[in-house]
Amino acid sequence: MEMNFETMLQRLTEFIQKEAKTETVIGEPFALGGFSCVPVIRIGVGFGSGGGAGDSVKAGKGEGGGAAAGIGIDPIGFLVTKDDEISFVSTHQNKGLSSIFEKVPELLEKLVAKKKEPVTA
């Protein structure tokens with residue numbers, strides 16, 4: 001069993017080039033009113049492979065190998081243009097409960113400081 005890792009890596013790379021595109025994940029650029037919007041994604045890719053051969057008294061000669069790849073794709077926002085202006089609109093903005101929980105330490109510090117203040121009548 002002879003493995004050609006170059007061919008396998010080439011096929012994996014072609015698959016990633018074909019599938020890991022903004023258009024595939026969240027869509028094509030689009031117009032919204034007077035704005036042009038282009039989706040933006042973040043991609044993480046990992047590869048691993050291994051192989052070996054050996055002799056065994058019981059099983060005789062043997063060889064084996066394997067390979068794997070993983071892709072993580074995250075839509076992170078949109079590039080928005082109007083006339084000659086361009087800006088980035090994030091899809092990871094802190095809103096709602098998450099932004100409240102981020103402020104809890106600050107609120108607790110203010111509450112403790114308030115309790116330590118002398119009471120004036």
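The OG1 atom of T91 sits 6.5 Å away from atom CG of D74, with the distance rounded to the nearest 0.5 Å.
Q10 and E14 form a side-chain donor-acceptor contact under 3.5 Å, judged by distance and modelled atom types alone.
Legend: residues meeting side chain to side chain donor-acceptor pair (under 3.5 Å) with E85, ordered by chain and number and at least two apart, are absent.
Between I41 and P75, the shortest heavy-atom distance links the atoms CG2-CA, 3.9 Å.
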Side-chain donor-acceptor contacts of residues 76-84 below 3.5 Å, not counting sequence neighbours, with atom names and distances?
none

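Counting only heavy atoms from C-beta outward, the side chains of V89 and F35 never approach each other to under 4.5 Å.
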